[in-house]
Amino acid sequence: MSKPASGPLYALVDGNNFYVSCERVFRPSLNNRPVVVLSNNDGCAIARSNEAKALGIAMGAPWFKIKHMEDEAGLVALSANFALYGDMSDRMMSLAAGLGPTQEIYSIDESFIDLTGVRGDLVERSHKIRDRILQWVGIPCCVGIGSTKTLAKLANHIAKNAERKPGSYPARLAQVCNLAAMTPQELKETFAATEVGEVWGIGRRISKQLQDGGIHTVQDLIELDSATLRRGWSVVLERTLRELQGTPCIDLDHTPAAKKEIACTRSFGRAVTELEPLKEAITEFASRTAEKLRKQHSLASQVLVFIRTSPFRPDAQYSRSLTVPLRRPTADTALIVHAALMGLEAIFRSGFKYAKAGVMVLDLQSDTVVQQELDLEDDNGADKTRLMSALDTINQRYGKGTMKIASAGLAGSRRVWSMKQERRTPGYTTCVDDIPVARA
DNA sequence: TCTGGGGTCCTAGGACCC
DNA sequence: TCTGGGGTCCTAGGACCC
């Protein structure tokens, strides 16, 4: 029964319809109803309940195109509450970690667990962890197991579909699917029942190209040789194929590396035409990137700023970015804001309806590599660092934006560019005022 | 009226160098 | 008439992920 695992083995634990499931924990009345969570600006659907999927709502569907289902089908839409989801994620991850010795948190709702050498019945063990997460946190999960990360991802997809669409796969694969325990024949049948586009790393574009070439299922793909894929596509797809064939090419990464670039970009609540409000927005975005930069203890050498019109509108289009080099690597809000504003002035053209803007910091390095300060007229580096950490402390304690750079605009003045969020739920676990109260 | 945000990696092509 | 080859670096753009 419990035959010892030979070779590497990975599990992927993934929350079902994660953002929707988080909302349902605090509003059980949303159970069994079509629910979507909307992106920033209430732009499009970024999470869908099974019932919403059954209505044919696609991932990323624009809200204004599906809004009619509110009345027609009882669809409920909520603005994203990322602080809540982050907190629920932490709770789920700490329980998922119990599945094996090491964990890689891959995204807000997914983590890989290294099961190599773990003894016992892995399917039974996975069901236990799954049940515990459901009971203690309230989030339903599925677990996929395979000898590579790509196979574990695929197994997870199968576990989800076996549960959601009865008949798509054998019912025993629902919730937990272990590809590594299948016979070659079972494996072949399972792969033949799975579309090639479901594979991790094969998106819409490559999926279409493969289908046009007669490759429809995972089984079709697996039978190809890697040289063909490398010639026709790239080394990335070749690696995916080798992973599907059971050769691990992607290792578990349990110590996430520092980010190589950090961005803050937003679509506006409505079109912006003037330079002044753009300056406010860019000041705010640049301040946020500087903050994130300090949080991961990095310094940036370049600042990229961009502005663009909406590609969805018939208006005149304009899209430009500019990379501004910094005199030396820094995480100083004032310097990064200054560089971003210089960039903005250079690329701004009047006469356009701007829909989106953003700031990125690039070419990052660790702040432990101390830069020797040679300029005599600017020798207050240590004071600046203390000023920045004071700024971060104040904003952390009293709330985002309590203290900021003057060009960000006063909080009281109406900011024409700020985003829409009309359907936001309370911060049940992240804001004291919103903690649910139990009544007898 | 209304179409997200934040990342990573790879490739192709041009500039430049010897 | 004939007009190299190879390496590196940079950038823009594409594709993917959640």
Whole-Å gap separating P (C/dA12) and CZ (A/R320): 10 Å
What nucleic acid atoms does A/V37 come within less than 4.0 Å of, heavy atoms only: base, sugar-phosphate, or nothing? nothing
Mind calculating the distance between OH (A/Y106) and P (C/dC17) to the nearest angstrom? 8 Å
Using a cut-off of 4.0 Å on non-hydrogen atoms, how would the nucleic acid contact of A/I108 be classed: base, sugar-phosphate, or nothing? nothing
Test side-chain hydrogen bond (donor to acceptor under 3.5 Å, both in side chains) on A/Q219 and A/T217 and set out the steps. CA-CA 5 Å; A/Q219 186 59 30; A/T217 68; over 6 Å; no
Per A/F64 side chain, nearest of listed nucleotides B/dC2, B/dT11, C/dC18: B/dC2
Please report, rounded to the nearest Å, how far the P atom of B/dG6 is from the CZ atom of A/F285. 9 Å
Atom CG of A/D42 to atom C1' of B/dG5: distance rounded to whole Å? 14 Å
Return the value, rounded to whole Å, for the distance between atom CG of A/L210 and atom C1' of C/dC16. 14 Å
Given the P atoms of B/dT3 and C/dC18, what is the spacing between them in whole Å? 25 Å
Identify whether any heavy atom of A/E261 sits under 4.0 Å from a base atom; if not, whether one sits that close to sugar-phosphate; answer base, sugar-phosphate or nothing. base
Parallel, tilted or perpendicular, judged at 30° and 60°: which one describes the rings of A/Y19 and A/Y85? parallel
Return the orientation label for the A/Y428 and A/F26 ring planes: parallel under 30°, perpendicular over 60°, tilted otherwise. parallel
Which of these, A/T228, A/I202, A/L241, A/L210, sits in a side-chain contact (heavy atoms from CB on, under 4.5 Å) with A/W233? A/L210
What nucleotide, of C/dC18, C/dC16, B/dC10, holds the atom closest to the side chain of A/S107? C/dC18
Candidates C/dC17, B/dT3, C/dC16 - which lies nearest the side chain of A/R205: C/dC16
Using a cut-off of strictly less than 4.0 Å, decide whether A/K356 has a side-chain nitrogen or oxygen near OP1 or OP2 of B/dG5. yes
Interatomic distance where CH2 belongs to A/W200 and C1' belongs to C/dC18 [whole Å]: 11 Å
What does B/dG7 pair with, Watson-Crick or G-U, if both distances are under 3.5 Å? C/dC16
Considering only side-chain heavy atoms of A/K153, which listed nucleotide, B/dG7, C/dC18, B/dG4, is closest? C/dC18
Could you tell me whether the phosphate oxygens of B/dG4, OP1 or OP2, come under 4.0 Å of any side-chain nitrogen or oxygen in A/S267? yes
Which of the following nucleotides, C/dC18, B/dC2, B/dG5, is nearest to the side chain of A/R313? B/dC2
Going by side-chain contact (heavy atoms from CB on, under 4.5 Å), A/R294 matches just one of A/Q296, A/E291, A/K292. Which one? A/E291
Would you say A/R239 reaches B/dC9's phosphate, i.e. side-chain N/O to OP1/OP2 under 4.0 Å? no
Any A/K260 side-chain N or O less than 4.0 Å from OP1/OP2 of B/dC9: yes
Find the distance A/K259:NZ to B/dT8:P and express it as a whole number of Å. 6 Å
For B/dG4 and A/T265 - does any side-chain N or O of the residue sit under 4.0 Å from the phosphate oxygens OP1/OP2? no
Would you indicate which nucleotide in B/dT3, B/dT8, B/dG6 comes nearest to any side-chain atom of A/R266? B/dG6
Going by the angle between their ring planes, with limits at 30° and 60°, are A/Y318 and A/Y354 parallel, tilted or perpendicular? perpendicular
I want to confirm an ordering. Mapping A/M59 and A/V236 to their closest nucleotides on DNA chain B, which one lands closer to the 5' end? A/M59
ring-ring contact (aromatic ring centres under 6.0 Å, His included) assessment of A/F112 paired with A/W200: CA-CA 14 Å; A/F112 287 102; A/W200 189 36; 5.6 Å; yes
Heavy-atom nearest nucleotide on DNA chain B taken for A/K292 and for A/V235; more 5' hit belongs to A/K292
Side chain of A/S234 only, please: which of C/dC17, B/dG5, B/dC10 is the nearest? B/dC10
Between P of B/dC9 and CD of A/E243, the distance in whole Å: 15 Å
